[in-house]
Amino acid sequence: MSKTISIFDTTLRDGEQSAGVNLNAKEKLAIARQLVKLNVDVIEAGFPISSSSDFEAVKLISQEIKEVSIAALARANEKDIDRAWQALRFGQNPRIHTFIATSDIHMKYKLKLSPEKVLENAVMAVKHAVKYTSNVEFSAEDASRSDPDFLVKIFSEVIKAGATTINIPDTVGYATPEEFKKFVRYIINRVRDIGEVTVSVHCHNDLGLAVANSIAAVEAGATQIECTVNGLGERAGNAALEEIVMALKTRNDYYNTHTNIETRQIYRTSQLVSSLTGFSVQPNKAIVGKNAFAHESGIHQHGVLNEKTTYEIMSPESIGLPMNRIVLGKHSGRHAFRDRLEKLGYQLTQEEINKLFIKFKGIADKKRTIYDEDIEALMDIGGDNLNKYLTLERFQVSCGNASAPTSAVKLNFKGHSLQEVCIGNGPVDASFKAIEKALGISLTLEDYKIRSITEGKDALAEVIVHISRESKIFIGRAVAIDVIEASIRAYIEAINRMIAGLGDNFIPIQYNEEVI
Ligand code: KIV
Ligand code: ZN
């Protein structure tokens, strides 16, 4: 009989730890809701002791989501575990995930603790967590570089102390598939009472082997895989959920295992994570890349037209790739719009629908055909939640090949009008400079991305900017038909996130009441 492999999604914890990713609580909740539709088994929602915003996000998710077990991370000490529990306690079957490093290199240089003390702390942590919930996971950080016999000892002891899942992470992505399979098998064969617990793996992608290592571990007997949507995560990322799930599904003939994932939600989940994190998916990314189901060469096209399976090992429909995409136009009414939103899976209040409908009408006046992707792009999930300290009143740009690009922007900062005119290397640069000058600040633009949401000359443009200040990165995203407008709005959103992140004492230098 085909064996079930649990999917433990850590997009909101390890994924969110990626440099440059900074999701607010409402954005995390939107992703968590989508993960419920994807039917993951566990959602790791955050690391509550690490910041108050992480704490609040875990609390919100555990209050709102009852269909899936919510996990939170805690180091192996009482304070971390207490904090994790305070955030988690509202949830259904909440899981405390506690960890400590077990490799010589981490114990000696990072923890400065002897193996005996690490063992003692691990057991103490699990015993403490068990006082709150029977659903306790223990991870041996950097397991793949740890002494296997030490792991056997520590896992045996934490199981005795009450852990119900033991996790074997390849924290630095050092393992290779054959070796990791043997390693996991060695542990499974020796740990006392291993049959009573779930054996999990958590692989990072530093050598591009995270998915291969996770699947090799399944061959060795692991029954839970920790992974992230789009492979998001520290450094080169974590094992990509969509790749693991589709590999096990497509090659069920070989692995004889399956997951509970609703695979037709994969594409939508990938798009949502990409748009909220600002991390675009590379076109040739397996499963969810733009080209993953595109056939360019004539020979391939010919083959696919005759028989899809010549060049398609899975169908685009199986991951929920939109096939019939034309939905609404400028004559569509509020009813059709609400109906479409519901079909897309959004649960919105009447007030939210009304706000979105105004945006939709604005776009529909300028754009002939509105696709599902256009509608989704209008969903400003986290942005709506953001304090709008700074807003755009108007802008005017002039440029050409014989004149210096110039931009005049008029902004509103907490009720005060600010305006400036600047020249720049192009109209976007001139606009960003004008915004900075109006606020009397200097920002570093770390990244600027623009893409059209759908095809055609009237396609909506999505702009994602990353700005930095005080070595923190802030992301802004905006959608408009006009690329300059989308750029300015994205920049303003990033500044609003920055102000929210740096606190209310941010004061712009000039307050200018004049009207442009
Ligand atoms: O990579 C790692 O080891 C981790 C643990 C905390 C599970 O993320
Ligand atoms: Zn990790």
Side-chain angles (χ1 to χ4, degrees), residues 6-19 21 40-51 54 58 69-77 80-81 83-84 88 95-107 109-111 113 118 121-122 125-126 129 135-148 150-151 154-155 158 163-175 180 183-184 187 197-211 213-214 217 222 224-241 244:
S6 288
I7 296 296
F8 175 115
D9 181 276
T10 182
T11 308
L12 299 176
R13 198 278 296 170
D14 224 349
E16 218 254 349
Q17 270 172 233
S18 306
V21 175
V40 302
D41 298 281
V42 183
I43 295 174
E44 186 165 51
F47 188 5
I49 195 102
S50 68
S51 67
D54 241 45
V58 175
S69 169
I70 306 297
L73 190 68
R75 284 165 300 187
N77 66 61
D80 273 40
I81 292 168
R83 191 82 177 133
L88 271 182
R95 179 180 296 188
I96 296 178
H97 177 191
T98 186
F99 75 101
I100 193 163
T102 50
S103 63
D104 288 347
I105 193 162
H106 276 230
M107 290 191 289
Y109 296 107
K110 188 183 82 175
L111 299 177
L113 292 177
V118 166
N121 288 0
V126 170
N135 191 350
V136 175
E137 172 166 336
F138 171 78
S139 285
E141 193 192 5
D142 206 18
S144 56
R145 293 192 300 169
S146 303
D147 171 4
F150 181 53
L151 286 178
I154 201 163
F155 284 140
V158 295
T164 43
T165 300
I166 57 139
N167 183 33
I168 309 171
D170 180 25
T171 303
V172 289
Y174 181 71
F180 197 54
F183 189 76
V184 171
I187 291 167
V197 301
T198 300
V199 178
S200 171
V201 289
H202 173 116
C203 299
H204 279 264
N205 205 27
D206 299 65
L207 294 173
L209 293 171
V211 170
N213 286 334
S214 305
Q224 175 181 284
I225 299 182
E226 302 195 354
C227 47
T228 58
V229 175
N230 297 340
L232 215 62
E234 287 261 23
R235 309 182 307 279
N238 289 56
L241 179 149
I244 288 165

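The structure presented is a predicted model; accordingly, all values stated were derived computationally and were not measured. Counting convention: from 1, in listed order, for ligands and their atoms alike. Numbering starts at 1 and runs along the sequence shown.
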Atom 4 (C) of ligand 1 sits nearest the protein heavy atom His202 NE2, 3.4 Å

min-distance N/O/S atom, Asp14 vs the Zn ion (ligand 2), resolves to OD2

| Can an N or O of His204 be found at a distance shorter than 3.5 Å from an N or O of ligand 1? | yes

Atoms of ligand 1 under 4.0 Å from any heavy atom of Pro169, numbered from 1 in the order shown, are 3 (O)

One finds that the ligand 1 atoms under 4.0 Å from a non-hydrogen atom of Ser139 are 7 (C)

Taking atom types as modelled, find out whether Ser6 and Gln224 have a side-chain donor-acceptor pair closer than 3.5 angstrom.
no

Glu141 heavy atoms within 4.0 Å reach ligand 1 at atoms 3 (O)

Any side-chain donor paired with an acceptor under 3.5 Å for Asp142 and Thr171? no

Would the distance check show the side chain of Thr98 and the main-chain N or O of Ala74 forming a donor-acceptor pair, the cut-off being under 3.5 Å?
yes

Tell me whether the count of non-hydrogen atoms from other residues, nucleotides or ligands lying under 6.0 Å of OH in Tyr174 goes above 12. no

Logged contact type for Thr171 with ligand 1, heavy-atom cut-off 4.0 Å, is both

Salt bridge Arg13-Glu226, side-chain N to carboxylate O under 4.0 Å:
no

ang(NE2 His204, the Zn ion (ligand 2), NE2 His202) rounded to 10° is 100°

- Query: Short N/O distance, under 3.5 Å, between Arg13 and ligand 1?
  - Reply: yes

Interatomic distance, CD1@Ile225 vs CG@Asn213, rounded to 0.5 Å, equals 11.0 Å

So, regarding Asp14 and ligand 1 (criterion: nitrogen or oxygen to nitrogen or oxygen, under 3.5 Å), is there a contact or not? yes

Scanning both residues in full, the closest heavy-atom pair of Asn167 with Phe155 reads O-CZ, 3.5 Å

